[in-house]
Amino acid sequence: MRYLILSDIHSNHEALSAVLARVRRKRWDRAIVLGDVVGYGANPNQAVDLVRALKPLVAIRGNHDKVCAGIESGEMFNRVALQAALWTRQRLSPSNLRWLQSLPEGPVVVDGAFAVAHGTPIDEDAYIFGEIEALNVFRQTSFPLCFFGHSHFPVIFGLSPDAIQTVLTRSPSFRFRLEPGLRYLVNPGSIGQPRDGNPLASFAMFDSGTRVVSVYRVPYRIERAQKKILGAGLPRPLADRLALGR
Ligand SMILES: [Fe+2]
């Protein structure tokens, strides 16, 4: 099976459209969305519509989806994130609001092949930034392979019986074969708001037959997404950071 793995779209219609155009001629059997379809960007309904059209689809909720859908109040959010979430909540169509509210909490196991989580499979709102957090997750779970998002940068953590290994991905496309017997935590990066210093949209494909993870970086019309954010009256830092990739 070939999986299309998308995360942290954040209402960025331009970035998601560019990614979907890139995969149009690629074969994939199932789309996986690791949460944060909305929040920050100016096109929440367009982003949800594009995700809902992916079939078959396994999607889980992210922390921004929860606040934008009114499941949580967002008291832990910073001012900019909360402002964008409340703006989003007012604009979501009733159907898209219900769809976001219905997204399950991770971890969810897909086809018996791997788990998916937003932040971590222990706590959907927690972050895996580095090896300390990754090791903690490996110790407290038993999934051989888990895809996660939330931190907005593509990375692969591998655990062998005696060491943890961090694999940083490289642009514009990066292939990594998962070794048998090792456990892995894999972040495909963020489509709508990358934070690894590279502003290009990031997503992954996973072939469960060959066990190859491929991470791709895709250029998109950043200026157009920025103009929409400013035109909507959303905070300027949300537009500025898109060009910086952080
Ligand atoms: Fe996010």
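Whatever order the structure lists them in is the order used to number ligands and atoms, beginning at 1. Residues: numbered from 1 along the sequence shown.
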Evaluation steps, ring pair (Phe, Tyr, Trp, His ring centres under 6.0 Å), between Phe114 and Phe206: CA-CA 11 Å; Phe114 54 84; Phe206 173 59; 5.8 Å; yes
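For the Fe ion (ligand 1), the N/O/S atoms of His152 include one lying under 2.8 Å.
A donor and an acceptor atom, one from each side chain of Asn12 and Asn43, are nowhere located under 3.5 Å apart.
His10 has its closest N, O or S atom to the Fe ion (ligand 1) at the position named NE2.
Geometry at the Fe ion (ligand 1): OD2/Asp36 and OD1/Asp8 form an angle of 90°, nearest 10 degrees.
Under a 4.0 Å N-O distance rule, the pair Arg246/Asp196 does not qualify as a salt bridge. With salt bridges taken as basic N to acidic carboxylate O contacts below 4.0 Å, none links Asp29 and Arg2.
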